[in-house]
Amino acid sequence: MGNEEKDVGVVNTQTTPLLGSEKSSTAIDVPKYADEFSSLPPSEARILREQVLVPDVTSGFFQMFRFATASDKFLYLIAIIAGILEGTAKPLMTLVFGYITQTFTDYYRFDPFNYGMYYNGTYTDMYFNGTYPMFNDTIYNGTETDYGLNRTEGYYENNSEFMQMYISPDEFQRRVNTFALFFLAIGIADMILSYIQMSIFIGRGEVLSSRIRENYLRATLKQNIGYFDKLGSGEITTRISSDTLLIQDAISEKVGFIVSNVTTFFAAFALGFALSYKLTFIMMSVAVFILTTFFISSGKMTKYYKLALGGVSTGGTLAEEVLSSVRNVQAFGIQDRLALKYDKFLTISQKWALRAGIAAGAMSGTMWLGVFANDSLAFWQGSRFLARDELTISSVITILMAMVQGTYAISNISPHVRSITNGMAAASKIFQTIDRVSVIDSSLETGMRPETVRGDIELRDVKFIYPSRPNVTVLDHFSLKIPAGKTVALVGASGSGKSTIVGLLERFYLPLAGQIFLDGVDLNGINIKWLRSKVALVSQEPTLFSCSIFENVAHGLIGTPYENVSPAEKLGMVIEACKQANAMTFIDTLPEGLDTNVGERGFLMSGGQKQRIAIARAIVGNPKILLLDEATSALDTKSEGVVQEALDRASKNRTTIVIAHRLSTIKDADCIVVMRKGAILEVGTHNELLAKQGEYYGLVEAQHIHKQKEEMIGALQKNSYSAGSSSDSDGASSILDEKASLEKSDDTLYGKDTDALLGLSKTKTGKSDSTVALSADSGLEESASSKYGFFETIGFLIKLSGPENHFNIVGAFFSGILGLSYPALGLFYARCIEALRSYPQDTEFMLREIDYFAGLFFMLSVVAFLSSVISLSLFAFAGQKLVRRIRLMTFRQMLRQDISFFDRDENTTGSLTSTLSRDAQAVDGLSGTTLGQLLSSTMIVVSSVTLALIIAWNLGLVTTACVPLLLSAGFYRFYILAQFQRKAQQSSEGTASYACEATAAIRTVAALTREEDVMQHYHADLQREIEKGRVTVHYSALLYGIAQGMVYLIMALTFWYGARFLKVREYDLFQFYVTFMAVVFGSQSAGIMFSFASDMGKAFQASQNIKQLLDLKPQIDTWSDDGDIPQSVRGEVEFKNVHFRYPTRPQVPVLRGLNLSIKPGQYVALVGSSGCGKSTTIGLLESFYSPLAGKIMLDGKDISLFNINEYRKQIALVSQEPTLYAGTIKENIQLGSSEPVTDEQIYIVCKQANIHDFIVSLPDGYDTLCGSKGALLSGGQKQRIAIARALIREPKILLLDEATSALDSESEKVVQAALDAAAKGRTTIAVAHRLSTIQKADVIFVFENGKVLESGTHQELLANKSKYYELVQMQALEATS
């Protein structure tokens, strides 16, 4: 980052793999940077580059099938053979069509009665007022092939001036019946073959896409951690949920369509060459033109769609960041600003997708040009071959129809090529990860597996730099020996390299120089999975998985000798571990005990509860090496004492490395190592280091709690009080400010009402405001498919695309013109057939007529070309605008919902990110190319049927009656797929959410060696998803086959029934062929329309999902303008008998009649055990939830009466786990203020937060990128930036939820002083476990069981010698003798 070039271009893949290379699907227009490792020595640059470099993979079509087994390939072979045979049906049809046309023209060429023609009950002369041209005596060779019957009969017994080629009416009917049977046979075969190929292609497509998902997740889980430092988990979710669906489309039914159409193309040309190579060669010019355009346009489409995917996936990472920190987003009211940031990525995607749509329009238009130009060329040139007696009428018509079918087949390919190119573009990104060779691959079986482990650890001359920040050296020539069985503590300022050592011991990263040894063996030579199974890690921010407490703790047994013990033994081990970690005390109070689900990322547990479960998970497997990275930071003082004692016991006889800011937790360590900036300053025991009065002594003093007056402290005179870094979160990530008004006791004031309210909350929790909203939302989701009908959903989309509807109207107009092309085709075709009938009597008349209508055919081709290009380009423009609008509206609507919406199981971050990516893209199935085809096909059917009924109503009625059969079959397939999409959606979202959870917690997964366990669960989920859809696949394929074969059955019926009218000459050829061409080819076009049923099914279901979400109105609505605007806020806060239960856990009471009163400008602290309701109180104060009973007052007014946005502007929140967003440090701080801020204001608040000096020391200063979720900064650095963000808000009420918990003692002292200064003049509420941070508070409230137990100043509470006194005592830091 230090070596920047300010050129504008595309980001280099090596520097920012998140954005990809120019050739990848994620390349976007952003500033380009040089190789950020170029300033380092080549050997070091190579090591760092290997950890982040992503290979540039270009995926070909066949690579998408790379995970197919032998049986899959065999099934695909069967499907391809079926597709090839099915593709020959149309050329076979043209052969029969040519024979039957010859029969018709021969029958109608002469009047069987006196050379006259029977028409409408009268005989009329057929040509030239009863005079007929003379024949040359060599017109025919005296024989005629009886088409399809393999016999000959003489037409001329001898040469004469004129001899009649006579076919009797009965013979005519017999021949037509035979040809109708041929059509019937072709139709039945087509049905069977279509069913076979579609059922296999769709079924195998689902299976292979599941394998791709599985292999992608497997490859992702084995990547080294450096790879994830620059890759957001949101991008991984997008790949699994959206991109794999694109691949599934590309290897499913779309392949079947393309195989059939390509076969039709080649078979048609082979038939043409067999009949007349001259005419076929001439007509090939059109085919060559079409193919050339096809390949050029498809290349452009591939390029543009790959670029379009970039904006979507990068935007997906931002969306995942935002949705995972939605409490922070709502607290600061930055929904719209983050949505605008998200929209910038959507703009990039829209730009490239629009270009791809225009390319698709040009390609489709060229196909139409070729189809009708074929007709023009065939009739024009074929009539000349016919006049020279080089061809028969049957040959001309067969070649014409074959060329039309062949060219038409290519035109049918164009919409499906988009799916193939999209799939290839998506595959290239997915295979980049699958093909990436991780430099630290935990899946490898290579490496030593020593039989015993003592636990001797040595770091020898180690140099380390994080791959994501190559300009900052973290460790340099670092050496440290840790004897087996000893406890070594690492202390020091944030960024000194403490956590880095843990990462190196876990082999998350590679050192640039030096070696790390375990029992004298270089870690590089030890099997990674074996190493991690011997090491247990408890990190600063505990990560739990969405399963039960029992399953979370049991994850610690993976890779240990106890992994496969009996369930009873495993249960015993888990219970014992939970007891040692002091977790059973709260687990036993839960209704489901160990079977309680902890929620996504453990959100249903408080911070302290999560940490205790994580500790139990670490010690359950009896590891040889224990790594505790702030292991007790989230515990309250009481729990910490018990857990610390358990950890002390657990560390006996095993090597333990402890990283701590709270020095009371490491005073008994065998050795304490004091670090600063990657170097060791001091080493010794607690007493030895205190005696030196050096760096460690200064840290201890920084955590010293001032001695109290002797008469108040009594026995505490020998102790100096301090607190380490501790934090607690009750689920809402916030802090409470309160001053209990104890003048009136709860019992006296409320008496029986308290019990009544408690009883009421138990029986009517489901009717609380938030629970009512939850129930309404759930009911809405369950009834979504029944609530929104087809026309309502379509109307919703039309309304949604309102700004572009004028483009849609113009596009629909041109689609309508394009749809009229088939009735015009029928009219021109019928006139050409009539003209051919005059041969050989009047060749000049035939040529004159053919020339005229060939010209009209060419004009029709030009009109169709322009109509297609214009309509599809307009639809692409409107469609991409709609997709962008839907993504943005959906994102904003998600951020609009209240917090209870995000607490629900179905609304996990992964699931919502997946929905955001998938549903908007699916709506494209009802826009762009698909919408153009849909409208033009509809117009073809309507106009063709209308024309048929006008020209020959009784024949038209019979043929039209068959059209609903075809439409019904196609529609039913569409309906089945829509139902399948609805049922499969939940399981699909579940798998995407599961994968997102695993990848977001990759460090925990790697440390627990859970990779294979994750894959087993994921594989089982995918298998269930496939099994659910198996029956639907066969239904869908069967109905598609019926729809395809119905065309030939309609042809058979039309010729058989039409021949009855022609036999008695009730209709002439013109009437018959207009009716036949219009209805039959119109029906065929309708069949093509329903080949998009899969896309339309997905689009329809996605539209319902989007409408359902957009119709949701939260109870706490940030879009509402209702409510009063707070005026001259003083900051007086009061809770009046507040009762609360979380909507997702209504059986567990959290607040039980809470009463607080906080005066303006007071600094109030909340302390108490984990789960006692401190952070929940803050969630209510931030109006994240509504209380079930009671009131929360601001300046004497119920906060529910205020406008929610104006109310939250008065409050600033610094939460326990700081949340930063991808972007620069400056941008993150600016998010704190709703008004524009100057650089000078930013500098002031950063100085107050003690972060300014650090920022300016960075190469890019305030323009330094924070990385996804602030990953490029340490915990302390992130927290100080979060504090600066809160201070720039200039709030009337400041909420501090363990705001200094992530800071080292040195920084904490300065930041605490800044916070103390910032608190002046405003009401401040601080949740704290580190009591040194709140000893100066005006009032300290001690919570227990959802109520205030006691309150007062620090000294008053010490004098009470009650709960607070006990907490202080437990945090005493004393010299051990």
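A quick note: this is a predicted structure, and the numbers were derived from the prediction, not measured.
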Derivation of the side-chain contact (heavy atoms from CB on, under 4.5 Å) call for I1106 and L1110: CA-CA 6 Å; I1106 292 164; L1110 295 182; 3.8 Å; yes
Test log, rule salt bridge (Lys or Arg N to Asp or Glu O under 4.0 Å), inputs D1239 and K1226: CA-CA 8 Å; D1239 289 349; K1226 179 189 291 185; 3.4 Å; yes
Evaluation steps, side-chain contact (heavy atoms from CB on, under 4.5 Å), between Y227 and I1002: CA-CA 11 Å; Y227 171 81; I1002 185 62; over 6 Å; no
Stepwise side-chain contact (heavy atoms from CB on, under 4.5 Å) test for R1208 and F1184: CA-CA 10 Å; R1208 284 178 178 164; F1184 289 155; 3.8 Å; yes
From CA spacing to verdict: side-chain contact (heavy atoms from CB on, under 4.5 Å), I1116, F901: CA-CA 11 Å; I1116 303 172; F901 172 84; over 6 Å; no
Trace of the side chain to side chain donor-acceptor pair (under 3.5 Å) decision for D629 with S539: CA-CA 5 Å; D629 188 354; S539 59; over 6 Å; no
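Interatomic distance, CG of D1117 versus CD1 of I1204, reported as 9.5 Å (0.5 Å rounding). Expressed to the nearest 0.5 Å, how far OG1 of T915 lies from CG of L1109 amounts to 8.5 Å. With rounding to the nearest 0.5 Å, the separation of OG1 in T1118 from OH in Y1207 is 15.0 Å. Remark: K351 NZ to L346 CG distance equals 14.0 Å, nearest 0.5 Å. Atom CD1 of residue I1225 and atom CD of residue Q1277 lie 8.0 Å apart, to the nearest 0.5 angstrom. Expressed to the nearest 0.5 Å, how far CD1 of I1288 lies from OG of S1234 amounts to 11.0 Å.
Checking side-chain atoms of R327 against main-chain N and O of I899 turns up no donor-acceptor pair under 3.5 Å. Side chain of R337 to main chain of L1231: a donor-acceptor pair is present (N/O by atom type, distance under 3.5 Å, no hydrogens or angles). The backbone N or O of T909 sits less than 3.5 Å from a side-chain atom of T913, completing a donor-acceptor pair. Using a distance-only test at 3.5 Å, with no hydrogens or angles considered, no donor-acceptor pair links the side chain of S1233 to the main chain of Q1230. At distances below 3.5 Å, not a single donor-acceptor pair connects side-chain atoms of N1228 with backbone N or O atoms of I1281. In this structure, R1322 contributes its side chain and R1130 its backbone to no donor-acceptor pair below 3.5 Å. With hydrogens and angles disregarded, no donor-acceptor distance shorter than 3.5 Å links the side chain of S325 to the backbone of T1219. With D1260 contributing its side chain and D1263 its backbone, the two residues share no donor-acceptor pair below 3.5 Å. Distance alone, capped at 3.5 Å, places no donor-acceptor pair between the D903 side chain and the T1144 backbone. Panel note: side chain D1195, backbone E1132; a donor-acceptor pair is recorded below 3.5 Å.
Contact record, S1120 with N1203: O-ND2, 2.9 Å, taken as the closest heavy-atom pair. Nearest heavy-atom pair, F345 versus L318, reported as atom, atom and distance to 0.1 Å: CE1-CD2, 4.1 Å. Contact detail for W352 and A308: the closest heavy-atom pair is CB-N, 3.6 Å. The shortest non-hydrogen separation linking Q1115 to D898 is N-OD2, 3.3 Å. Between F332 and A1286 the shortest heavy-atom distance is CE2-CA, 4.2 Å. Between A339 and L888, the closest heavy-atom pair is O-CD1, 3.4 Å.
Note on D1253 versus K1247: no salt bridge recorded, every NZ/NE/NH1/NH2 to OD/OE distance being 4.0 Å or above. Using a 4.0 Å cut-off between a side-chain N of Lys or Arg and a carboxylate O of Asp or Glu, R884 and D343 qualify as a salt bridge.
Taking 4.5 Å as the limit, some side-chain heavy atom of Y342 sits within range of a side-chain heavy atom of L916. Looking at heavy atoms from C-beta onward, T500 lies in side-chain contact with Y466 at the 4.5 angstrom threshold. Side-chain contact between T1264 and T1224 is absent, with no heavy atoms from C-beta onward closer than 4.5 Å. Side-chain contact between Q893 and W1119 is present, with heavy atoms from C-beta onward closer than 4.5 Å. Contact of the F1202 side chain with the I1125 side chain is not registered, since no non-hydrogen atoms from C-beta on lie closer than 4.5 Å. At a threshold of 4.5 Å between non-hydrogen side-chain atoms, the residues F228 and V52 do not count as touching. Looking only at side-chain heavy atoms (C-beta outward), Q1210 and P1291 stay at 4.5 Å or farther from each other. In this structure, the side chains of F902 and L323 come closer than 4.5 Å at one or more pairs of heavy atoms.
Among the candidates T1324, V1214, L1213, T1323, the single residue satisfying the side chain to side chain contact (heavy atoms under 4.5 Å, CB included) test with L1295 is L1213.
By the 6.0 Å contact criterion, CD on E1290 is open, its count of non-hydrogen atoms from other residues, nucleotides or ligands being 12 or less.
A side-chain donor from one of T1176 and Y1142 sits under 3.5 Å from a side-chain acceptor of the other.
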